[in-house]
Amino acid sequence: MIENLIRSHLKAFQPYASARSEVQQAQIFLDANELPLGSPVTFDGVPLNRYPDPFQCELRKKLSARLDVPADMIFTGVGSDEVIDLLIRLFCEPARDSIAVLEPTYGVYRVAANVNAVEVISIELDENFQLDLVRISKSIKSTTKLVFLCSPNNPTGNLLRREDVFTLCKELHAIVIVDEAYIEFADALGDITNEVERHDNLVVLRTLSKAWGLAGIRLGYCIAHPRVVSYLLRIKAPYNVNAVTSHMALDALEKPEFLASSICLIKRERTRLITALKNLPDVVHVYPSDANFALVEFKDAHAVYERLARKGIIVRRRSEQRLTNCLRVTVGTPSENDLLITTLADRT
Ligand SMILES: *Cc1c(COP(=O)(O)O)cnc(C)c1O
């Protein structure tokens, strides 16, 4: 199925053979026109004058051990946003193919499709923000190559039912992408990385930007069938992930205790924040959340947004019809959450 879905000109495509993609070990490297004298700035012993490993073997090996998934099923990118763009470019023919998005959801899928002149088929999630399998199969076209799912979903905060995802994988002649950017914050067992080996057309997106606290280094990755990974490696920019980023990512992965304690604190604060929000007179509804944010419906979201902004507190507006009067609030530190709650409670 994968071969059928890939854009035909990319199957015969000759990728750039970078200097370092053939030989990794040598006595001296005179192949890449690098400066042999070192660099004017240094970072933790990283040889900044040298190009990074185009295939990020060490990092992919480490992720592989952590996730218990073979390294040839992992592709690393400049944030998951780069992986999203590359998946669209690998599978979708501009002005012909389409992607499907389940709304309300993360806006980058649509923007990345628009940039690539790929049509976006918008399908609503059901009243509980779950997948409506009948509506999805009715809406999908023969040109739909990718279906983007997000679990826990941004901005609604809920996990999608796993069985529904697997049903879609079985029923659709398309790649099913599950974006798990917030999965570490989920209470229930949610992650499906180990299911990729059972479903050839399933791709799972992950990132270090959220629970790992590393949005600034730009590292995301996907777990996918080895064929998909090998194509992604061929079409990406030769040195997409930089040496500082992969050095820091490797370092961070050695510190799982930071991740564990962050998750613990954010979950505790999430419960406290949601409880406090529910008791505020301006709040109509707080949606349950498996992520590090909460979707909150207010009587007048516009007024609340303006009032918070005047006090220097910025939250996220969502303007879709179904989310009128909703704001998405990220769980902050205990004192940030206190400030948010007292500011909302004080209506003067
Ligand atoms: C924040 C977020 C990401 C992360 O993107 P990066 O490019 O890895 O920083 C991905 N997907 C969703 C749904 C997000 O909300």
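Scope of the values below: all heavy atoms of this structure, side chains included, with no hydrogens, waters or symmetry mates. Order of appearance sets the numbers: ligands from 1, and atoms from 1 within every ligand.
Think of Leu37 as one node in a network of Ile, Leu, Val, Met, Phe, Trp and Tyr side chains linked at under 4.5 Å; its network also takes in Leu35.
Between His173 and Leu5 there is a side-chain heavy-atom pair separated by less than 4.5 Å.
Nearest-residue assignment for atom 8 (O) of ligand 1 (options Val108, Leu205, Thr207, Val83; heavy-atom criterion): Thr207. Among Lys210, Arg218, Arg206, Arg328, the residue whose heavy atom lies nearest to atom 3 (C) of ligand 1 is Lys210.
Applying the side-chain contact (heavy atoms from CB on, under 4.5 Å) rule to Asn242 yields the partners Val244, Thr245; only residues at least two apart in sequence or on another chain are considered.
Scanning all protein heavy atoms for the shortest distance to atom 9 (O) of ligand 1 gives Ser209 OG, 2.6 Å. Considering only non-hydrogen protein atoms, atom 11 (N) of ligand 1 sits nearest to Asp179 OD2, 2.6 Å. Remark: minimum distance from atom 15 (O) of ligand 1 to any protein heavy atom is reached at Tyr182 OH, 2.6 Å.
Atoms of ligand 1 lying under 4.0 Å from at least one heavy atom of Cys150, given by number and element, are 13 (C). Counting atoms of ligand 1 from 1 in the listed order, those under 4.0 Å from a heavy atom of Ala181 are 2 (C), 3 (C), 10 (C), 11 (N), 12 (C), 14 (C). For ligand 1, the atoms lying closer than 4.0 Å to a non-hydrogen atom of Gly79 are 6 (P), 7 (O), 8 (O).
With respect to the salt-bridge test (charged N to carboxylate O, under 4.0 angstrom), the residues Glu124 and Arg135 do not qualify. Under a 4.0 Å N-O distance rule, the pair Lys61/Glu58 does not qualify as a salt bridge. Note on Lys138 versus Asp132: no salt bridge recorded, every NZ/NE/NH1/NH2 to OD/OE distance being 4.0 Å or above.
The proximity of Ser80 to ligand 1, defined as any non-hydrogen pair under 4.0 Å, involves the side chain as well as the backbone. Under 4.0 Å from ligand 1, the heavy atoms of Asn154 that appear belong solely to its side chain.
Under the 6.0 Å cut-off for aromatic ring centres, Tyr305 and Phe298 do not qualify, their centroids lying 6.0 Å or more apart.
His225 places a side-chain N or O within donor-acceptor distance of the main-chain N or O of Arg227, the cut-off being under 3.5 Å.
Ligand 1 has no atom lying under 4.0 Å from any heavy atom of Ala215.
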